[in-house]
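Owing to the predicted nature of the structure, the values given are computational and were not obtained by experimental measurement. Ligands are counted one by one from 1 in listed order, and the atoms in each one are counted from 1 as well.
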Amino acid sequence: MMRHIEFLPEPLPSEPLVIVNRWMAEAWQHRHQPNPNSLVLATSDRAGRPSARVVLCKEIVPQPGYLVFYTNYLSQKGRQLAENPRAAAVMHWDALHRQVRIEGPIAQAPAADSDAYFASRPWQSQIAAWASAQSEPVASRAALEEAVAAAAERFGAPLPGHPGPEADLEIVVPRPPHWGGYHLWAEAIELWVEGEGRVHDRARWTRALAPQPNGFFEAGPWTAARLQP
Ligand SMILES: Cc1cc2nc3c(=O)[nH]c(=O)nc-3n(C[C@H](O)[C@H](O)[C@H](O)COP(=O)(O)O)c2cc1C
């Protein structure tokens with residue numbers, strides 16, 4: 001195996017999300033894992049009890065600096081984010097010896113953006129979004145499949161297992177009001193690359209974010225510091 005030597009740039013650049021974007025692109029190129037855009041997202045409730053799960057990072061917007069993911073607003077994470085609209089996220093590209101940590105406030109994406117993304121998804125995923133009250137108990141697998149069949153019928157889609165002439169289908173499924181995007185605004189970013197003999201390279205960027213109307217934030221300049229591993 002090739003010896004791995006990578007250091008973070010010196011001096012540290014002023015825009016860390018440009019590096020994150022490049023690392024994400026390289027993770028897609030190498031495709032060591034089926035979902036290079038998987039993101040571990042930690043949220044917590046009002047009492048500070050944390051929970052974490054994987055979601056897919058659908059977009060990195062280096063300017064003004066946020067990540068986008070989609071989910072059910074009434075799920076456990078959605079309820080926690082309503083109580084405490086902050087999150088911490090981790091991306092780990094093991095084969096590339098890189099880790100990214102991002103922390104900051106979270107806001108729902110504009111409805112028009114969620115509509116556009118939902119419309120771009122396959123109708124099977126759209127039906128599933130209607131059928132699943134994410135994170136709620138369900139009596140059985142059969143009951144879940146009945147809910148999917150009921151949603152399919154409601155929107156004129158073929159029932160699961162009876163695909164029908166899919167090519168000819170024009171199924172229009174509106175976005176459920178409880179499903180959409182979130183923007184995780186980067187208030188702190190840490191980049192980590194594995195070093196020889198456990199002398200890893202780490203740097204952390206922080207900036208101030210002032211809330212604006214419509215879930216946007218006015219961002220101050222980044223301050224960077226190299227950290228001991
Ligand atoms: C690879 C992978 C990708 C996932 N992507 C998403 C996603 O983009 N959105 C989502 O809501 N759940 C996604 N999930 C499921 C979540 O991990 C989780 O089970 C679900 O969102 C419910 O979490 P909650 O009960 O904490 O709200 C994904 C799971 C895996 C393993």
- prompt: Touching ligand 1 at all, Tyr70? Heavy atoms, strictly under 4.0 Å?
  reply: yes
- prompt: Counting only non-hydrogen atoms of the protein, does one fall under 4.0 Å from atom 23 (O) of ligand 1?
  reply: yes
Looking only at protein heavy atoms, which one is nearest to [atom], and what is the separation?
atom: atom 18 (C) of ligand 1; answer: Arg53 CG, 3.9 Å
atom: atom 12 (N) of ligand 1; answer: Gln134 NE2, 3.8 Å
atom: atom 16 (C) of ligand 1; answer: Val54 O, 3.1 Å
atom: atom 6 (C) of ligand 1; answer: Val55 CA, 3.6 Å
atom: atom 21 (O) of ligand 1; answer: Lys77 NZ, 2.6 Å
atom: atom 8 (O) of ligand 1; answer: Leu56 N, 3.1 Å
atom: atom 25 (O) of ligand 1; answer: Ser135 OG, 2.5 Å

- prompt: Hey, is ligand 1 close enough to Ser51 that some N/O pair sits below 3.5 Å?
  reply: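 Among all N and O atoms of Ser51, none is under 3.5 Å from an N or O of ligand 1.
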query: Is the shortest N/O to N/O distance between Thr71 and ligand 1 below 3.5 Å?
result: yes
field: Centroid-centroid under 6.0 Å between Trp130 and Phe155 rings
entry: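 Yes, they do, as the ring centres are separated by less than 6.0 Å.
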Polar contact flag, side-chain donor to acceptor under 3.5 angstrom, Arg53-Thr43: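 The criterion, which ignores hydrogens and geometry beyond distance, is satisfied for Thr43 and Arg53.
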